[in-house]
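Inspection log for the structure reproduced underneath, given as structure tokens.
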Amino acid sequence: MPCCLVFFLPFFLISYLMPAHETSHKSILLKHPSGAEAEVRLFGATVTSWKVDNTERLFVSKDAILDGSKAIRGGIPVVFPIFGTDEKIKLPQHGFARNSDWEYVGLLTDNDEVSVRFSLKDNQLKQSQRSAWPHSFRLNYTVALTEKTLRTTLVVKNEDEDTFEFKTLLHTYFQISDISKVAVSGLSNLTYIDKVQNAAKVVEENQKVTIAGEVDRVYANVPEEVTIEEDGQAKYRIVKTGMKDTVVWNPWIDKAKGMGDFGDEEYHNMVCVEVGSVADWVKLGGGQTWTGGQVITAL
Ligand code: TA6
């Protein structure tokens, strides 16, 4: 047997025989035969790592709190059932999904994809959260890995008789080298709510969105595909399904200093481009199911 095979065989066998396994710190590690990897914490079902060609593609702050006492500052936190805060629904900012312990349902290998599923049901919530959002529901969240892509799909099942409303978002933190060289395309001519300008409604006039200060915008009714470029090179392609809107966020200098779980200079190395349905409430009838998600490609 050629010597290189003796060396590589174990790696291939491990990712082939154990494409997903539980780690010591309550997370699931996925390994694709191509060498791509992803890690998902049970806390918030937060994807905290996605490696392609041995390069980390998701940003997680070096100051992120990983003990389950706060939502993770980085990766892909799952926002549900509210976006931001809501005077009527007494839940913390961005809801309970990103700071709840989800159940690991298991591995689902399908053709070329290595995928795992997590679920969160109303009876897993704290009483205060159930009182704030008194609905019977089940969330199923699938994280799937191929050689160059990461797919994250959320299914919301209304297990009540009555209709309920929610907002949801995949709050993806992308790793980048230099924010001053980043441009986001696919948002031109769209209307956005600018949270940096008192929620002013603005039409995006630029062909590509660049970031040279604090940016916090909710673009509504966004086409399926958006691209993040760096230095004129396409770096990530984001294709969303079932999600209407896209949020672009970078805290810049002052907000970065104001966040205890974020390094003062880390705003240079991350950009959040977040697919979601947040501009309007999603209405889901009793017994009905809603599905939304994204496929991110490392280019
Ligand atoms: O998605 C953008 C945003 O809503 C910003 O307004 C900013 O607050 C960010 O989320 C982070 O929110 P967090 O609750 O994680 O500090």
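Counting convention: from 1, in listed order, for ligands and their atoms alike.
Among all non-hydrogen protein atoms, the one lying nearest atom 6 (O) of ligand 1 is Asp216 OD2, 2.5 Å. Looking from atom 16 (O) of ligand 1 to the surrounding protein, the closest heavy atom is Arg73 NH2, 2.9 Å. Protein heavy atom at the shortest distance from atom 3 (C) of ligand 1 is His94 NE2, 3.8 Å.
Ion pair Arg217/Glu204 flagged as a salt bridge, since at least one NZ, NE, NH1 or NH2 atom sits closer than 4.0 Å to an Asp/Glu carboxylate oxygen. Looking at Glu229 and Lys235, no side-chain N of the basic residue comes within less than 4.0 Å of a carboxylate O on the acidic one, giving no salt bridge.
Within ligand 1, counting atoms from 1 as listed, the ones closer than 4.0 Å to a heavy atom of Lys195 are 4 (O), 6 (O). If you number the atoms of ligand 1 from 1 as listed, the ones under 4.0 Å from a heavy atom of Val247 come out as 1 (O), 2 (C). Those atoms of ligand 1 that come under 4.0 Å of a heavy atom in Arg98, given as number and element, are 13 (P), 14 (O), 15 (O).
Under the 4.5 Å side-chain heavy-atom criterion for grouping Ile, Leu, Val, Met, Phe, Trp and Tyr, Leu150 is not connected to Val295 through any hydrophobic cluster. Hydrophobic clustering (side-chain heavy atoms under 4.5 Å, transitive across Ile, Leu, Val, Met, Phe, Trp, Tyr) groups Ile253 together with Val182.
Between Phe59 and Phe174, the ring centre distance reaches or exceeds 6.0 Å.
Comparing Gln93, Lys255, Glu274, Lys70 against atom 12 (O) of ligand 1, the shortest heavy-atom distance belongs to Gln93.
With a heavy-atom cut-off of 4.0 Å, Arg217 does not touch ligand 1 at all.
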